[in-house]
Protein chains: 2
Amino acid sequence: MKSNLYEKKAKIFKALSNPVRLEIMDFLANGEKCVCEIVENLDYEQPHISKSLIKLKEAGLIKDRKEGLNVYYSLKICCMGEFFNCLNKILESESKS
Amino acid sequence: MKSNLYEKKAKIFKALSNPVRLEIMDFLANGEKCVCEIVENLDYEQPHISKSLIKLKEAGLIKDRKEGLNVYYSLKICCMGEFFNCLNKILESESKS
DNA sequence: TGACAATATTCCAAAAATGGAATATTATAA
DNA sequence: TTATAATATTCCATTTTTGGAATATTGTCA
């Protein structure tokens with residue numbers, strides 16, 4: 001039971017443990033975007049973006065919506081802001097020490 | 001600049017992306033503990049615990065304090081609670097869908 | 001000093017993540 | 001139906017992570 005829960009949590013962190021995926025999360029914080037917009041704005045190959053999105057989706061962090069040829073992704077998590085504020089605090093306290 | 005920041009954040013998430021290290025973080029949420037207490041309470045080998053602690057420390061998530069033969073570890077992060085509340089929300093919303 | 005307890009380190013093989021390149025799928029419109 | 005745009009998938013070599021086993025280091029006390 002308990003160890004299973006830690007594994008689930010670990011998977012979420014693993015999805016976030018990559019700079020490209022974090023950049024995508026940050027971009028999606030501005031609202032729903034289609035894959036093409038993400039590819040245009042972030043400087044990575046389309047298959048790389050696509051794979052990253054799928055990992056984030058599998059982790060339950062984002063959701064998708066199809067509309068014709070396009071697929072729109074958006075954050076599924078309401079508390080992502082707090083999450084990243086915490087991160088920033090960590091990085092601040094590091095830069096001091 | 002920016003990508004570097006994403007890399008730093010990714011490293012923090014990477015440190016948290018392992019069930020053993022998460023269990024240690026959880027245990028340390030109860031307050032400062034020496035390595036021996038952690039080894040006694042969690043069911044992993046001492047070298048495994050030791051390596052895990054060092055990774056968490058390198059990520060800036062915990063700090064250590066030596067006292068004689070013992071080394072005491074404690075959380076360095078004030079907002080870990082919010083962090084994990086967010087995680088729980090994520091897992092809840094997953095179990096619903 | 002020597003023995004011992006607490007912690008850290010090294011070595012290693014297996015598993016997983018990474019990202020580039022090529023290709024496949026899907027939906028639309030002409 | 002065919003061409004095309006948007007997105008996803010597969011393949012693959014390289015790098016990184018993982019955790020077990022053995023061993024080393026460090027501090028204390030007799």
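One hydrophobic cluster holds both F27(B) and Y44(B) under the rule that ILVMFWY side chains link at heavy-atom gaps under 4.5 Å. Under the 4.5 Å side-chain heavy-atom criterion for Ile, Leu, Val, Met, Phe, Trp and Tyr, L75(A) and L61(A) are members of the same hydrophobic cluster. Under a hydrophobic clustering in which Ile, Leu, Val, Met, Phe, Trp and Tyr are joined whenever their side-chain heavy atoms come within less than 4.5 Å, directly or via other members, I38(A) and V71(A) fall into the same cluster. Both L56(A) and L42(A) belong to a common hydrophobic cluster when Ile, Leu, Val, Met, Phe, Trp and Tyr are linked at side-chain heavy-atom distances under 4.5 angstrom. Hydrophobic cluster membership is shared by M25(A) and L91(A), with clusters built from Ile, Leu, Val, Met, Phe, Trp and Tyr side chains linked at under 4.5 angstrom.
Here E32(B) pairs with R65(B) under the side-chain hydrogen bond (donor to acceptor under 3.5 Å, both in side chains) rule; sequence neighbours left out. Applying the side chain to side chain contact (heavy atoms under 4.5 Å, CB included) rule to K63(B) yields the partners S74(B), K76(B); only residues at least two apart in sequence or on another chain are considered. When the side chain to side chain contact (heavy atoms under 4.5 Å, CB included) test is applied to S52(B), the partners found at least two apart in sequence or on another chain are V20(B), R21(B), I24(B), H48(B). Evaluation of the salt bridge (Lys or Arg N to Asp or Glu O under 4.0 Å) rule for K57(B) yields D64(B) as partners, not counting sequence neighbours. For D43(B), the side chain to side chain contact (heavy atoms under 4.5 Å, CB included) criterion is met by no residue, not counting sequence neighbours.
Residues K33(B) and G31(B) come closest through the heavy atom pair CG-O, 3.3 Å.
Residue Y72(B) places no side-chain N or O under 4.0 Å from the OP1 or OP2 atom of dT7(C).
Among the atoms of the strands shown, only primed sugar atoms or phosphate atoms (P, OP1, OP2) are found under 4.0 Å from some heavy atom of I54(A).
With hydrogens and angles ignored, the 3.5 Å screen pairs no side-chain donor or acceptor of S50(A) with any backbone N or O of P47(A).
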Return one dot-bracket line describing DNA chain C 5' to 3' (Watson-Crick or G-U wobble pairs, both distances under 3.5 Å; ( ) same strand, [ ] crossing, | another strand, . none). ||||||||||||||||||||||||||||||
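Spacing between atom CD of E7(B) and atom C1' of dT18(C) amounts to 13 Å, rounded to whole angstrom units. Summarising the geometry, the separation between CD1 on I49(A) and C1' on dG19(C) is reported as 12 Å, rounded to the nearest angstrom. The interatomic distance linking N70(B) (CG) with dA5(C) (C1') rounds to 9 Å, in whole Å. Rounded to an integer number of Å, the gap from CG of L22(A) to P of dA17(C) is 16 Å.
Within residues 27-37 of chain B, no residue has any heavy atom closer than 4.0 Å to DNA chain D. Contacts between residues 57-68 of chain A and DNA chain D, defined by a heavy-atom separation below 4.0 Å, involve no residue at all.
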V35(A) vs N70(A), test: side-chain contact (heavy atoms from CB on, under 4.5 Å). Steps then yes/no. CA-CA 7 Å; V35(A) 178; N70(A) 297 309; over 6 Å; no
Between N or O atoms, less than 3.5 Å apart, protein on one side and nucleotides 1-5 of chain D on the other: list the pairs.
none

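Here K55(B) contributes atom NZ and K11(B) contributes atom NZ; the two are 12.5 Å apart, rounded to the nearest 0.5 Å.
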Given protein heavy atoms under 4.0 Å, the one-letter contact record of nucleotides 15-24 of chain D, with B base, S sugar-phosphate only and - none, is simply --SSBBBB--
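Sequence neighbours left out, the pairs with a member in residues 21-58 of chain B that pass disulfide (SG to SG under 2.5 Å) are C34(B)-C36(B).
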Using atom types as modelled, flag every donor-acceptor pair under 3.5 Å from a side chain in residues 82-90 of chain A to any protein atom, sequence neighbours excluded.
residue : atom : partner : partner atom : Å
N88(A)  : OD1  : K9(B)   : NZ           : 3.3
N88(A)  : ND2  : F84(A)  : O            : 3.2

